[in-house]
**Q** 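Got a structure for you, written out below as structure tokens; questions coming shortly.
Letters A, B, ... mirror the listed sequences (proteins, then strands); counts begin at 1. Computed from a predicted model, the values in this text were never measured in an experiment.
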There are 2 protein chains.
Amino acid sequence: MPEPSVVLIEDEPQIRRFLRATLTGQGYRLFEATTGADGIVEVGSRQPDVVVVDLGLPDMDGLEVIRQLREWTDVPVIVLSARGEERDKVTALDAGADDYVSKPFSAGELLARIRVALRHTAGASHEADAATFEVGELQVDLLHRRVFVGEQEVRLTPIEYKLLTTLVRHAGKVVTHQQLLREVWGPVHTDQAHYVRVYMAHLRHKLEAEPARPRYLLTEPGVGYRLAAD
Amino acid sequence: MPEPSVVLIEDEPQIRRFLRATLTGQGYRLFEATTGADGIVEVGSRQPDVVVVDLGLPDMDGLEVIRQLREWTDVPVIVLSARGEERDKVTALDAGADDYVSKPFSAGELLARIRVALRHTAGASHEADAATFEVGELQVDLLHRRVFVGEQEVRLTPIEYKLLTTLVRHAGKVVTHQQLLREVWGPVHTDQAHYVRVYMAHLRHKLEAEPARPRYLLTEPGVGYRLAAD
DNA sequence: GGGAGTCGTAAAAGGACCGTAAAAACTCGC
DNA sequence: GCGAGTTTTTACGGTCCTTTTACGACTCCC
């Protein structure tokens, strides 16, 4: 893992400053959001290794944030809360949180619990995170953000690239329209199913020898798309 | 998971009794040890889903138990401790513990944290193993959403696939018309019994060598259908 | 033997989904 | 504020899927 990234969803400026200093000081890449809605978008676009979320947010219940995240990602979620009562802990953990830290908390403990979360994902994602993906003539270098067909490099727009890497991350498995829309365009646009169709056409045009009879970017009618795995 | 099992390493009889009542009451299979050495042996022989260990043990430091376990197993370890200071938590978590609960602790919180640990292992093993169902020539890969008859892949429409997987989930058992309609078409269409007949015909046509005398998709007259289990 | 209910099959009607193209709106550097 | 490149929106034809309907075969019970 190069440098692990964290999305912090926290509205109180004081705590945010404190955690910013703590986390960046430890070498984490930090992305911040001050509302639940922003936080969910941020998680979708940054694909962090850990999420730290405060339960007391202005716009929506922290629990609701967890539930919405859990609909499409297994990223470890650590809850911060001013309340330390059993009921709150149990509710949050059962909603999908992986850990619960009561305020006032110490930096050391939070860091240690983040390390635990990272340990979990490090073990789990062995298959997924090769820095480069290959199938047939197609080659995706995730580290340098470059894509080749045979010897020829192909230029992709930001959305094209993101769509492709989303498929790469689930190579061989079907990715639903919903999932693609959520991970590429953000959770707000999950009803714009035609985005995917248009961009899949773009990608096929750039990557496939015969766009009409694709070898890599396969359609799963009524469900979504799949990137051929071999 | 049939009934999750827990190894409890705890020397104080009172806490042991308390946790025995709590855990067995929740349906967990519980194995107990009163010393670190016994505990390690117990984990080795029982292969539990979770280990709960008290840091203050008579024979060896609880930290040492964790380190020795970590040399050969990734089983989730939840630490109980009378001490709640940062240093202790950080040390235990970095030694390989997955969670840390300070005494006095509530039964509800410990149970919730055990559920979190079980969720992790459940997710991890889901991907790897039995995501695929097999009977005779028929093979259903639930992870990749693909179906084979012998070597040949079979393309299924969304409803065909959903109907098949509903049967797979109850393989060997009878699934009633009502149940199939509810799980595939939704609770609104439970009176459209002919849907099932039509689609069962489609499936048999695609999956069976002799659709008229099915080997896998069996009719239970007057009740529903059953997928042969072997 | 006849009738009611259930099951399997076939095929037609209607609708949903997919691929494609192209226009409109937007973004950014200059 | 101009222009190239990118994203969003719109429209349409074709294909595949779902739903609907119809009918013959079978079973169970009378």
Side-chain angles (χ1 to χ4, degrees), chain A residues 41 45 145 147 154-164 166-167 174-227, chain B residues 145 147 154-167 174-186 188-227:
Chain A
V41 172
S45 61
R145 199 193 179 286
V147 179
V154 180
R155 284 176 38 85
L156 297 183
T157 73
I159 290 199
E160 287 166 1
Y161 182 76
K162 198 157 190 189
L163 180 57
L164 179 59
T166 303
L167 289 168
V174 178
V175 190
T176 64
H177 303 116
Q178 292 292 314
Q179 224 170 327
L180 290 170
L181 284 164
R182 205 161 36 213
E183 301 198 22
V184 178
W185 282 270
V188 200
H189 304 86
T190 43
D191 50 339
Q192 313 286 317
H194 49 277
Y195 287 8
V196 184
R197 284 208 305 278
V198 170
Y199 271 87
M200 201 60 63
H202 291 172
L203 274 182
R204 280 180 178 151
H205 191 75
K206 291 186 176 184
L207 302 180
E208 298 276 3
E210 295 180 78
R213 292 196 296 125
R215 178 171 164 205
Y216 311 121
L217 301 163
L218 310 176
T219 303
E220 291 289 331
V223 191
Y225 293 87
R226 176 217 310 276
L227 183 63
Chain B
R145 198 191 181 283
V147 178
V154 180
R155 286 175 38 86
L156 297 183
T157 71
I159 291 198
E160 286 166 1
Y161 184 78
K162 201 159 187 190
L163 181 57
L164 179 59
T165 53
T166 303
L167 289 168
V174 180
V175 189
T176 65
H177 302 118
Q178 291 295 314
Q179 223 169 329
L180 289 170
L181 284 165
R182 193 154 14 88
E183 299 197 25
V184 178
W185 280 270
V188 199
H189 304 86
T190 42
D191 49 340
Q192 313 285 319
H194 50 278
Y195 286 7
V196 184
R197 284 207 304 280
V198 170
Y199 271 88
M200 201 59 63
H202 290 173
L203 272 183
R204 281 180 177 150
H205 190 77
K206 289 187 175 181
L207 303 179
E208 298 277 2
E210 296 179 78
R213 290 195 292 126
R215 177 171 164 205
Y216 311 121
L217 301 163
L218 311 175
T219 303
E220 293 288 332
V223 191
Y225 294 87
R226 181 163 59 91
L227 183 63

**Q** Below 4.0 angstrom from OP1 or OP2 of D:dT20, is there any side-chain N or O of B:Q192?
**A** yes
**Q** Starting at CG of B:L163 and ending at P of D:dC17, how long is that distance when rounded to a whole Å?
**A** 15 Å
**Q** Rounded to whole Å, how long is the line connecting atom CD of B:E160 with atom P of D:dC16?
**A** 14 Å
**Q** Rounded off to whole Å, could you give me the OH-to-C1' distance for the B:Y199 and D:dT20 pair?
**A** 11 Å
**Q** Might you point out which heavy atoms bring A:A209 and A:P211 nearest each other, and give the distance in Å?
**A** O-CD, 3.4 Å
**Q** Round to a whole Å and report the spacing from CZ of B:R155 to C1' of C:dC17.
**A** 13 Å
**Q** Could you state the CD1-P distance from B:I159 to C:dC17, rounded to the nearest angstrom?
**A** 11 Å
**Q** What are the two closest non-hydrogen atoms of B:L156 and B:V147, and how far apart are they?
**A** CD1-CG2, 3.7 Å
**Q** Once rounded to the nearest 0.5 Å, what's the spacing between atom CD of B:E183 and atom OG1 of B:T165?
**A** 9.0 Å
**Q** Drop me the distance from A:R182's CZ to A:T176's OG1, to the nearest 0.5 angstrom.
**A** 6.5 Å
**Q** Are A:W185 and D:dT7 close enough that a side-chain N or O sits under 4.0 Å from OP1 or OP2?
**A** no
**Q** Taking atom NZ of A:K162 and atom CG of A:L180, what is their separation to the nearest 0.5 Å?
**A** 12.0 Å
**Q** Does A:V223 offer a backbone N or O that forms a donor-acceptor pair with the side chain of A:H177 under 3.5 Å?
**A** yes
**Q** Taking only side-chain N and O atoms of B:Y161, does any of them lie within less than 4.0 angstrom of OP1 or OP2 on D:dC17?
**A** no
**Q** Heavy atoms under 4.0 Å is the rule here; annotate nucleotides 20-30 of chain C 5' to 3' with B where the base is hit, S where only the sugar-phosphate is, and - elsewhere.
**A** BB---------
**Q** Would you mind listing every side-chain hydrogen bond (donor to acceptor under 3.5 Å, both in side chains) that reaches into residues 199-208 of chain B, with sequence neighbours excluded?
**A** B:E160-B:K206, B:R204-B:T219
**Q** How bent is the helix from C:dG1-D:dC30 to C:dC30-D:dG1, measuring the angle between the end axes built from five pairs each, rounded to 10°?
**A** 40°
**Q** If I take atom CG in residue B:L203 and atom C1' in nucleotide C:dG8, what distance separates them, rounded to the nearest angstrom?
**A** 14 Å
**Q** Does B:Y161 form a side chain to side chain contact (heavy atoms under 4.5 Å, CB included) with B:R155? I'd like the steps, not just the answer.
**A** CA-CA 9 Å; B:Y161 184 78; B:R155 286 175 38 86; over 6 Å; no
**Q** Within the structure shown, what part of the strands sits under 4.0 Å from A:H177 by heavy-atom distance: base, sugar-phosphate, or nothing?
**A** sugar-phosphate
**Q** Are A:T157 and D:dT7 close enough that a side-chain N or O sits under 4.0 Å from OP1 or OP2?
**A** yes
**Q** Applying side chain to side chain contact (heavy atoms under 4.5 Å, CB included) between A:L164 and each of A:I159, A:V154, A:L207, report the one that passes.
**A** A:L207
**Q** Looking at side-chain heavy atoms only, is the closest gap between B:L218 and B:L227 below 4.5 Å?
**A** no
**Q** Assign B:R213 to base, sugar-phosphate, or nothing according to its heavy-atom contacts below 4.0 angstrom with the strands shown.
**A** nothing
**Q** Under 4.0 Å: is that the gap between some side-chain N or O of A:Y195 and OP1 or OP2 of D:dT7?
**A** no
**Q** Roughly, in whole Å, what's the span from CG in A:D191 to C1' in D:dT9?
**A** 13 Å
**Q** Whole-Å distance between C:dC17 P and A:L180 CG?
**A** 16 Å
